[in-house]
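Heads up: the structure comes next, in structure tokens.
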Amino acid sequence: MGRGRVELKRIENKINRQVTFSKRRSGLIKKAREISVLCDAELALIVFSTKPKLFHYSTDPCMERILERYERYSYAERPQLGKNDQAPHENWVLEHAKLKARMEVLERNQRNFMGEELDILSLRELQSLEHQLVSALKHIRTQKNQIMYESISELQKKDKALQERNNLLAKKIKGKEKAEAQQENNVDVAILPPWMPRPTNE
């Protein structure tokens with residue numbers, strides 16, 4: 001005899017519910033991959049657990065493009081109302097939904113960049129993520145090298161200015177010492193008795 005039909009209802013046991021969620025989620029993502037490959041379809045799958053935790057699958061490395069495409073189609077299929085009949089809050093609702101979807105995509109990308117929630121990404125998504133990280137790292141290194149070069153150049157300029165200032169101060173001190181020595185020599189000559197010979201500068 002075949003298995004009887006299972007009644008669909010909430011699983012009360014928390015552990016069993018979590019195990020079932022994990023299995024069904026994996027199966028759902030597997031089916032999504034299969035339909036995308038077999039039928040050459042573009043799709044995006046978003047699942048929130050009760051924790052809540054985001055799980056997703058997208059045939060496009062950037063899910064945001066699929067979400068934006070969905071929003072365009074969804075908006076185009078809505079009945080067009082006259083300007084006087086259009087509810088003012090509808091635009092705000094649509095804009096809020098768009099911003100919320102983008103925020104969720106950005107948060108998911110941020111977690112992926114931090115090395116989190118990578119188990120649900122496909123090989124193509126992981127390769128795209130790796131390429132983005134390599135490009136970002138290259139840009140960061142270029143910016144770091146530029147800042148270091150500018151810092152070294154600025155330090156060299158300050159060092160040159162300090163050397164010039166030290167040389168100027170040394171010249172001033174040397175001139176002052178020479179003037180003081182000359183003044184002391186003149187004083188010594190002035191106090192000699194008239195009958196003593198005067199020193200010559202030779």
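Model, not experiment: these values are computed from the prediction.
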Looking at [atom1] of [X] and [atom2] of [Y], how far apart are the two atoms once the value is rounded to the nearest 0.5 Å?
{"X": "N112", "Y": "H56", "atom1": "CG", "atom2": "NE2", "result": "5.0 Å"}
{"X": "L118", "Y": "R111", "atom1": "CG", "atom2": "CZ", "result": "11.0 Å"}
{"X": "S58", "Y": "L45", "atom1": "OG", "atom2": "CG", "result": "9.5 Å"}
{"X": "I173", "Y": "L168", "atom1": "CD1", "atom2": "CG", "result": "10.0 Å"}
{"X": "T20", "Y": "I11", "atom1": "OG1", "atom2": "CD1", "result": "3.5 Å"}
{"X": "H131", "Y": "S128", "atom1": "NE2", "atom2": "OG", "result": "7.5 Å"}

For [X], does the [atom1] atom have more than 12 heavy-atom neighbours from other residues, nucleotides or ligands under 6.0 Å away?
{"X": "I15", "atom1": "CD1", "result": "no"}
{"X": "I35", "atom1": "CD1", "result": "no"}
{"X": "D119", "atom1": "CG", "result": "yes"}

Minimal non-hydrogen separation, T59 against S36, with atom names: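 Result for this residue pair: CG2-CB, 3.2 Å.
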
Nearest non-hydrogen partners of N13 and N16, listed with the distance: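 The answer is OD1-N, 2.9 Å.
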
Does the side chain of L54 reach to within under 4.5 Å of the side chain of E107, using non-hydrogen atoms?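 Result no, sub-4.5 Å side-chain heavy-atom pair not found.
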
Contact between E104 and R108 at the side-chain level, heavy atoms closer than 4.5 Å - yes or no?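 The answer is no, as the side chains (C-beta and beyond) never meet within the 4.5 Å cut-off.
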
Quick one: salt bridge (charged side-chain N to carboxylate O under 4.0 Å, His left out) partners of R24, sequence neighbours excluded?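 If we apply the salt bridge (charged side-chain N to carboxylate O under 4.0 Å, His left out) test to R24, skipping adjacent residues, there are no hits.
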
Sequence neighbours excluded, which residues qualify as salt bridge (charged side-chain N to carboxylate O under 4.0 Å, His left out) partners of E130?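 Expected list: none.
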
Tell me every residue that passes ring-ring contact (aromatic ring centres under 6.0 Å, His included) with F21, counting only those two or more places apart in sequence or in another chain.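 Once residues adjacent in sequence are excluded, the partners of F21 under the ring-ring contact (aromatic ring centres under 6.0 Å, His included) criterion are F55.
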
May I ask whether F113 and L126 are part of the same hydrophobic cluster, defined by side-chain heavy atoms of I, L, V, M, F, W, Y residues being less than 4.5 angstrom apart, directly or through others?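 Yes; L126 is reachable from F113 via cluster members.
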
What residue pairs, at least two apart or across chains, pass side-chain hydrogen bond (donor to acceptor under 3.5 Å, both in side chains) with a residue in residues 160-177?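 Listed by first then second residue: D159-Q163.
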
Please table the atom pairs, donor to acceptor, closer than 3.5 Å between any side-chain atom in residues 139-153 and protein atoms at least two apart or in another chain.
from : atom 1 : to   : atom 2 : distance (Å)
T142 : OG1    : K138 : O      : 2.9
N145 : ND2    : R141 : O      : 3.2
Q146 : NE2    : E150 : OE2    : 2.9

For V47 and I29: C-alpha separation, side-chain torsions, deciding distance, then whether side chain to side chain contact (heavy atoms under 4.5 Å, CB included) applies. CA-CA 10 Å; V47 180; I29 294 175; over 6 Å; no

Stepwise, does the side chain to side chain contact (heavy atoms under 4.5 Å, CB included) test hold for L99 with M103? CA-CA 6 Å; L99 292 175; M103 184 181 70; over 6 Å; no

Please list, chain by chain and in numerical order, all residues satisfying side-chain hydrogen bond (donor to acceptor under 3.5 Å, both in side chains) with R17, sequence neighbours excluded.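 Scan of R17 (side-chain hydrogen bond (donor to acceptor under 3.5 Å, both in side chains), adjacent residues dropped) gives none.
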
